[in-house]
Amino acid sequence: MAVTNGRVGEHAFLRGMYADGYYPDHVVDRARVILLGLCERIEAERPADLAALYVLTHAATEEFNALQDAFWEADSDIETVAREEIAEDFWFVASAYGFAAADVEELIAPRDW
């Protein structure tokens, strides 16, 4: 399923991570896929409220948790810069789908990075 939200389609996900050589593009590509997958799920499931949105964002956050090993294997890490970049993109996604009141910390509550 392709994302149909125009704001999402024009957004450069994880731009800062792509611009920083510390983060290998092939791993950042996988992170971008997680975010786009989240967008696809939001479009398919159309969460009615923040609680339903958080279920989807928590599942995507768990995917980021699993991706941590790939960063380590590439001599990288989801550290402060990456955490902020990822969190900002989670909030962007929530906002793009009409959930501007979403709490960014709750969006990524199950994170272990």
Is it the case that atom CZ in R7 sees more than 12 heavy atoms from other parts of the structure closer than 6.0 Å? yes
Roughly how far, to the nearest 0.5 Å, is the CD atom of Q68 from the CG atom of D112? 7.0 Å
Is there a side-chain contact between F13 and I86, using heavy atoms and a 4.5 Å cut-off? no
Do you know the tightest heavy-atom contact between G16 and E85? N-OE2, 2.8 Å
Applying side chain to side chain contact (heavy atoms under 4.5 Å, CB included) to V81 and not counting sequence neighbours gives Y23, E79
Do the non-hydrogen side-chain atoms of W113 and T61 ever get within less than 4.5 Å of each other? yes
Heavy-atom closest pair, residues I108 and A87: CD1-CB, 3.8 Å
Identify, with sequence neighbours excluded, every residue that meets side chain to side chain contact (heavy atoms under 4.5 Å, CB included) alongside A74. P24, H26, V27
Here the side chain to side chain donor-acceptor pair (under 3.5 Å) pairs for residues 49-58, sequence neighbours left out, are H58-E106
Please tell me if the side chains of F92 and V8 come closer than 4.5 Å, counting only heavy atoms from C-beta onward. yes
Which pairs, with at least one residue in residues 87-101 and sequence neighbours excluded, count as a side chain to side chain donor-acceptor pair (under 3.5 Å)? H11-D89, E43-Y97
By the salt bridge (Lys or Arg N to Asp or Glu O under 4.0 Å) test, which pairs, at least two apart or in different chains, include something from residues 68-77? none
Flag the pair N5 / C39 as yes when at least one side-chain heavy-atom distance between them is below 4.5 Å, and no otherwise. no
Under the rule for salt bridge (Lys or Arg N to Asp or Glu O under 4.0 Å), what residues qualify as partners of E40, not counting sequence neighbours? none
Enumerate the salt bridge (Lys or Arg N to Asp or Glu O under 4.0 Å) contacts for residues 93-102, please, sequence neighbours excluded, ordered by first and then second residue. none
Could you pull out all residues at least two apart from E105 that satisfy salt bridge (Lys or Arg N to Asp or Glu O under 4.0 Å)? R111
Ring center gap for Y22 and F71 short of 6.0 angstrom: no
Distance (rounded to the nearest 0.5 Å) between L50 CG and D103 CG: 9.0 Å
Please find the pair of heavy atoms, one from M17 and one from A82, that lie closest to each other, and give the distance. CE-CB, 3.8 Å
All side chain to side chain contact (heavy atoms under 4.5 Å, CB included) counterparts of A94, not counting sequence neighbours: L53, F99, A102, L107
What pairs meet the salt bridge (Lys or Arg N to Asp or Glu O under 4.0 Å) rule with one or both residues in residues 26-35, with sequence neighbours excluded? none
Would V104 and F64 show up in the same hydrophobic cluster when neighbours are defined by side-chain heavy atoms closer than 4.5 Å? yes
